[in-house]
Amino acid sequence: MAWRDLTDKVQLRFMRRHIQACLAIGQMHGQPRPPEPPNAELHRRGAELCMQTLTRFNQIRAGCGERVLLVTPPSPAGWVWFEDLRCALEHVGVAVLRVDDAQALTPALVTDFRPTLLLGLDTDRLHERLQMVGMDRPSHCTRMLIPARDVAESRTPLTTGETRRLDRTASGAGADLLMSLHAEPFTQRSAGPWMSLGKPFVWLPQAASPFRDRPHACDRVYDYAHLSVANPQRIRAVWHTLRSILARHHGLFGERETWGFGLPRLPVDEHARCQAMARVSLAPLVAPLLESAGDLTQRVYAAAASATFQITELSPLTRQHFDEDELIAVPRESTSMHEAFGQWVDDKPGRERISRRALERVYRDHTSLHRAVQLIDDVQARR
């Protein structure tokens with residue numbers, strides 16, 4: 001196992017350096033394209049759809065009686081996810097409180113807020129706090145927990161902490177419901193021991209935020225944008241799909257804090273603007289998402305709501321959420337992304353036609369307001 005770990009580290013170091021070299025070559029020698037002016041009609045339609053959606057969902061679940069306590073997962077992505085959900089729940093009329101850490105879960109907070117639904121990551125820290133505040137038994141507050149295991153970890157034995165949490169959940173001291181951003185087939189693979197407990201499961205897919213993701217009226221001065229964090233799966237995905245694009249074109253790439261190069265970490269509100277400055281948003285998927293229905297990543301929904309043309313990879317889930325004329329999705333082959341990029345990067349009318357359809361679809365089906373209503377309805381149906 002130690003030798004395999006060392007081999008993986010060497011391979012990932014090579015891939016990261018190769019990606020950095022390709023990026024540098026593209027920035028130095030790639031021929032910049034002339035700026036594309038924004039499409040005023042697309043910008044206007046995006047603003048119109050956003051306002052219509054906010055109006056349609058305003059206070060739509062005000063009479064549901066739920067009081068939702070969100071215990072934010074300890075990661076930047078978790079903060080974005082739960083803050084988007086907090087804003088959406090508040091907009092649809094649900095009483096909601098978000099805390100940044102399980103440590104904030106105190107008897108006084110529970111007494112004052114009187115939650116009917118608690119949502120958080122299934123961790124030892126949260127289990128300890130549930131016990132401390134007397135929520136380690138079934139009550140009027142439904143405990144909805146997210147299994148904290150990914151596909152890579154699913155191949156390893158359960159840790160002592162995971163075994164303890166599973167035992168607590170089986171005895172009634174843990175989750176009443178399970179929830180994931182990933183569809184059930186994927187969650188069965190990544191968190192099989194949790195799913196085998198027979199607890200009701202809710203799939204809450206990622207989504208665009210109408211409070212943040214919208215078209216920006218700025219020139220498209222870059223060929224591409226790819227904004228992601230560097231983890232082992234993401235490094236492999238970028239290496240397999242984007243090297244030839246990075247080496248030949250000017251674009252936005254990052255974030256520097258995890259990749260070691262590219263753009264510095266941007267506030268999440270800036271992501272839509274950066275995508276709007278590029279002709280093409282590139283969204284390769286990590287390998288596990290190509291193998292079973294899991295997730296499309298939040299970037300896909302955000303780019304659609306920003307009226308940004310994007311190319312992603314085809315997964316078992318893709319066509320459940322976007323049709324072929326709404327999202328360009330290619331199979332995982334070494335040249336697929338590069339060939340699709342070459343086909344579309346200079347086709348402004350074609351890109352805008354598809355971006356318009358994706359914009360309409362995401363505001364019809366895939367905003368955080370849709371997910372907030374789904375969360376409330378699914379919980380009430382499964383209690």
Any chance you could pull the hydrophobic cluster mates of Leu126, using side-chain heavy atoms under 4.5 angstrom and chaining through other members? Leu69, Val71, Leu97, Val99, Leu105, Leu109, Val110, Phe113, Leu118, Leu130, Met132, Val133, Met135, Leu145

Lys/Arg-Asp/Glu bridge criterion (N-O < 4.0 Å) met for Glu128, Arg125: no

Is the centre of the Phe261 ring less than 6.0 Å from the centre of the Phe253 ring? yes

Note, Glu313 side chain near Ser336 side chain (heavy atom, < 4.5 Å): no

May I ask you to test the Trp239-Leu12 pair for a side-chain heavy-atom distance under 4.5 Å? no

Is there a salt bridge (Lys or Arg N to Asp or Glu O under 4.0 Å) between Arg86 and Asp84? Walk through the geometry before answering. CA-CA 5 Å; Arg86 183 198 67 78; Asp84 283 354; over 6 Å; no

Arg165: salt bridge (Lys or Arg N to Asp or Glu O under 4.0 Å) partners, not counting sequence neighbours: Asp122, Asp124

To the nearest 0.5 Å, how far apart are CZ in Arg236 and CD1 in Ile19? 11.0 Å

Indicate yes or no: does Arg357 engage Glu360 in a salt bridge with an N to O separation below 4.0 Å. no

Evaluate the criterion salt bridge (Lys or Arg N to Asp or Glu O under 4.0 Å) for residue pair Arg220 and Glu352; output intermediate values, then yes/no. CA-CA 12 Å; Arg220 299 194 186 278; Glu352 290 182 346; 5.7 Å; no

Do Leu246 and Met15 belong together in a cluster built from hydrophobic side chains that touch within less than 4.5 Å? yes

Sorted by chain and number, sequence neighbours left out, salt bridge (Lys or Arg N to Asp or Glu O under 4.0 Å) with Asp269 holds for none

Using 4.0 Å as the upper bound for N to carboxylate O, is an ion pair formed by Glu291 and Arg189? yes

Just so I know, are the side chains of Arg164 and Leu166 near enough to count as touching, which here means a heavy-atom distance under 4.5 Å? no

